[in-house]
Amino acid sequence: MNLIQLIRKLKSIEPDPAYTRRSRSLIVETPMTVRPIMNLWQVVVRGLQFGSAIALTGVLLILVLGGFSVWKALSPFQLTSLDPASLKAEAEAVDAQIQITEIVYPETLLKSVSELAAGLLPQKTTEEKAAGKAAAVDTPQPMTIDEVLGKLAE
Amino acid sequence: MLDGENKIVMNAIRGEASAFGLLYDHYQPKIYRFILIKVGRREEAEDLTHQVFLSAWQNIEDYEDLGYPFGSWLYQMARNQVIDHYRTRRPTLNIEEVDPDNLTYDSQSAAQAEERLEMEKVKRAILKLKPAHQDVIIMRFVEEMSVKEVAAALHKTEGAVKLLRHRALIQLRKSLGIQNESHSDELDSTN
């Protein structure tokens, strides 16, 4: 049988007639919940409540935001650290001199470092030293471009 | 949709209990079926259906006519009732869960008994579907509502409803072990 036909058979499900009768009469006999309609006095009271709530919120905001200024003006404990003139004077009075002092290494440390470097570098043999000297002697003196051209022309 | 439904609904909103009675008579079997297939137990379906209509009567002033049948509003309430029911229900399983109606096959003919068994099988298969798939299957094929009406009741687009219907049918076929039929069953309901 086709699936849709099978599903459509579920349409034969019906509620129990006794239950339907009972439920219907219970619902229909239940009074509708009537929402109260406000009279003029209630409207005025509701309006006053709302207005006073807004006014109190405004007062609170003014107190919070303006409180600091009022405190500054009226308080016997002046907050000198927040006075811009005194802060400027104080800043000008500070003699800011920054010196880089010479770094002094302890003598023993320098000695040990030089010894360590000498130990790490390979020691040159006497022949290498002699060859180095000979190479230094054989190295030709730098020539000018005119001399090079003259030599080539010969 | 009930004949002259708009007028009846307006009278019910004005507080006429008899007008609401007419709406009850027309929609109560549909809502009951919808709930029963979704919860699977007769007693729970009866309680929930009663709650839906009681709530509808007490809040009928909130109903807004958006051009859909009054039933769409009732289906929304029924869906919410079922969701609340599953949220608050304690998991129980006892002997009383056996539906007494299922035990009366002896007095019925074999054909009737077979048909009842088949229906029970389909009901169980629908119960295994996701809630959104269940809603579409029941509204579209059991109650034969149009795609537009189903979309209105489920707050979905018509395209989404068609997609849900397609997926739900695939799931149902799989669950019932039915081979993939020709799509004539879906084509006949594309409106």
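Residue numbers start from 1 in every chain, and the chains themselves are labelled A, B, ... in the order their sequence lines are given, proteins ahead of strands.
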Locate the shortest heavy-atom distance separating I126(B) from L10(A); write the atom from each residue and the value. CD1-CD1, 3.5 Å
Minimum heavy-atom distance W57(B)-T30(A), with the two atoms named: NE1-O, 2.7 Å
Over 12 non-hydrogen atoms of neighbours within 6.0 angstrom of CD in E114(B): no
Do L163(B) and L154(B) sit in one hydrophobic cluster, given that two such residues count as connected whenever their side-chain heavy atoms are within less than 4.5 Å of each other, even indirectly? no
Among G21(B), S18(B), P29(B), A17(B), which has the most heavy-atom pairs under 4.5 Å with chain A? G21(B)
Determine, using the 4.5 Å side-chain heavy-atom cutoff (strictly less than), whether I35(B) and L54(B) are members of one ILVMFWY cluster. yes
Is it true that atom CD of E144(B) has more than 12 heavy atoms of other residues, nucleotides or ligands lying nearer than 6.0 Å? yes
Checking side-chain contact (heavy atoms from CB on, under 4.5 Å) for the pair M119(B)/I13(A): CA distance, chi angles, key distance, verdict? CA-CA 10 Å; M119(B) 274 171 58; I13(A) 295 172; 4.3 Å; yes
May I ask you to test the T20(A)-Q28(B) pair for a side-chain heavy-atom distance under 4.5 Å? yes
Less than 4.5 Å apart, any side-chain heavy atom of L169(B) and any of I4(A)? yes
Looking only at heavy atoms, what is the nearest atom pair of K11(A) and R33(B), with distance? O-NH1, 3.1 Å
Step by step, would you call I178(B) with N2(A) a side-chain contact (heavy atoms from CB on, under 4.5 Å)? CA-CA 9 Å; I178(B) 297 173; N2(A) 186 304; over 6 Å; no
Single-linkage hydrophobic cluster F53(B)~L26(A), side-chain heavy atoms < 4.5 angstrom: no
Checking I13(B) against chain A: side chain, backbone, both or neither under 4.5 Å from a heavy atom? backbone
Interface moiety of L176(B) toward chain A, non-hydrogen atoms closer than 4.5 Å: side chain
Please report the shortest heavy-atom distance between R24(A) and L22(B), naming the atom on each side. NH2-N, 4.0 Å
Heavy-atom cut-off 4.5 Å, strictly under: side chain, backbone, both or neither for A12(B) against chain A? backbone
Stepwise, does the side-chain contact (heavy atoms from CB on, under 4.5 Å) test hold for V28(A) with Y24(B)? CA-CA 9 Å; V28(A) 172; Y24(B) 180 94; 5.7 Å; no
Of the non-hydrogen atoms in Y19(A) and H50(B), which two are nearest, and what is the gap between them? OH-N, 3.5 Å
Identify which part of Y32(B) has an atom lying under 4.5 Å from any heavy atom of chain A, answering side chain, backbone, both or neither. side chain
same_hphob_cluster(M10(B), W73(B)) at 4.5 Å side-chain heavy-atom cutoff: yes
Might you point out which heavy atoms bring I7(A) and F141(B) nearest each other, and give the distance in Å? CG2-CB, 3.7 Å
Given heavy-atom pairs under 4.5 angstrom as the criterion, report whether the side chain, backbone, both or neither of L36(B) touches chain A. side chain
Answer yes if L164(B) and I83(B) sit in the same cluster of Ile, Leu, Val, Met, Phe, Trp and Tyr residues linked by side chain heavy atoms under 4.5 Å apart, and no otherwise. no
